[in-house]
Amino acid sequence: MIRTIVESAFQTGCLSVESEGLLHQVLATKCYQSDDLLALAALYDAVRAGQIKREASSKLFMEFPLGNKSC
């Protein structure tokens, strides 16, 4: 799920409020793989560099989880 959301953001150049909410939900479940975290790190870097725009108006983007979790 995380990688799909990240791919979509890179394709459109935008991270929607809905997609960002889904990322937060998936991270809260702690059901992700190490590849998901790599994709998330790439997204975070792209947002910080201005390559991908966020629809959300808050400055809070996301916190990175520590360690690798999987379901």
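Predicted model, so just to flag it, every value in this text is computed and none were measured. Residues: numbered from 1 along the sequence shown.
- Just one residue in the list Ile5, Val26, Thr4, Ile2 forms a side chain to side chain contact (heavy atoms under 4.5 Å, CB included) with Asp36, and that residue is Ile2.
- Of all heavy-atom pairs spanning Glu55 and Val17, the tightest one is OE1-N, 3.2 Å.
- No donor-acceptor pair under 3.5 Å is formed between the side chain of Asp45 and the backbone N or O of Ala42.
- With values rounded to the nearest 0.5 angstrom, Ser19 atom OG is found 9.5 Å from Met1 atom CE.
- To the nearest 0.5 angstrom, Tyr44 atom OH is 13.5 Å from Ile52 atom CD1.
- Taking OG from Ser16 and NZ from Lys53, the interatomic distance works out to 16.0 Å, rounded to the nearest 0.5 Å.
- Here the CG atom belonging to Leu43 is positioned 6.5 Å from the CG atom belonging to Leu23, to the nearest 0.5 angstrom.
- Summarising the geometry, atom CD belonging to Glu7 is positioned 6.5 Å from atom CD belonging to Gln11; distances are rounded to the nearest 0.5 Å.
- Between atom CG of residue Leu27 and atom CG of residue Leu22 there is a gap of 10.5 Å, rounded to the nearest 0.5 Å.
- Remark: side-chain polar atoms of Thr12 are paired, donor with acceptor, to backbone N or O of Ser8 under 3.5 angstrom.
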